[in-house]
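Written out below as structure tokens is the structure these notes cover.
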Amino acid sequence: MVQFGGEVVNSRSSSSHTSTQMGSGHFAGEGFGKASYFRNLQIVDWDNNLIPLPNLRVLADHPNCYDIQGGINRVWGNYFYYGGPGRNVRCP
């Protein structure tokens, strides 16, 4: 298993979410030119060969604050867009 992750820490004691951005500060759905991304995701097998990820699954704990969208195509291979602005009207 391989895991990628992002973390934003809210050190304030108030009940509101931090306004700290993740990635570029844009949601994954905004796509190329706005959202941050990783592409051509590969792993190294026991024989030191690069192989594409066989089963990319994505999860966002707070999708109204930060989100992620995965995909695959012939140009980018396995990829995902991710990010978000933190506190916003949908993420108080």
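Just so you know, these numbers come straight off a predicted model, no measurement behind them.
- Side chain of Asp47 to main chain of Asn49: no donor-acceptor pair is present (N/O by atom type, distance under 3.5 Å, no hydrogens or angles).
- Of the candidates Glu7, His17, Gln21, Tyr66 forms a side chain to side chain contact (heavy atoms under 4.5 Å, CB included) with just one, namely His17.
- The backbone N or O of Asn64 lies less than 3.5 Å from a partner atom in the side chain of Asn88, making a donor-acceptor pair.
- Summarising the geometry of Asp67 relative to Ala60, their closest heavy-atom pair is CA-CB, 4.0 Å, with the distance given to 0.1 Å.
- Cluster membership for Met22 and Ile68, using ILVMFWY side-chain heavy atoms within less than 4.5 angstrom, is shared.
- Looking at heavy atoms from C-beta onward, Val58 lies out of side-chain contact with Tyr82 at the 4.5 angstrom threshold.
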Hey, mind stepping through Arg87 and Ser16 against side chain to side chain contact (heavy atoms under 4.5 Å, CB included) and telling me if it holds? CA-CA 8 Å; Arg87 187 174 57 235; Ser16 65; 3.6 Å; yes

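- Note that CG of Leu41 and CG of Leu56 are 6.5 Å apart. Values are rounded to the nearest 0.5 Å.
- Within the 4.5 Å cutoff, the side chain of Ile43 has heavy atoms near those of the Leu53 side chain.
- Atoms CG and OH, on Asn40 and Tyr79 in that order, are 11.5 Å from each other to the nearest 0.5 Å.
- Relative ring orientation between Tyr37 and Trp76 is described as parallel, the plane-to-plane angle staying below 30° on a 0-90° scale split at 30° and 60°.
- No single ILVMFWY cluster, assembled from side-chain heavy atoms under 4.5 Å apart, contains both Phe38 and Val75.
- With a 4.5 Å cut-off on side-chain heavy atoms, Phe27 and Arg90 count as touching.
- Among all heavy-atom pairs drawn from Ser24 and Ala35, the shortest one is OG-CA, 3.7 Å.
- Residues passing the ring-ring contact (aromatic ring centres under 6.0 Å, His included) test with Phe4, sequence neighbours excluded: Phe80.
- Distance check, rounded to the nearest 0.5 Å: CG of Asn73 to CZ of Arg39 gives 9.5 Å.
- Side-chain contact between Val44 and Leu50: present, with at least one pair of heavy atoms (C-beta onward) separated by less than 4.5 Å.
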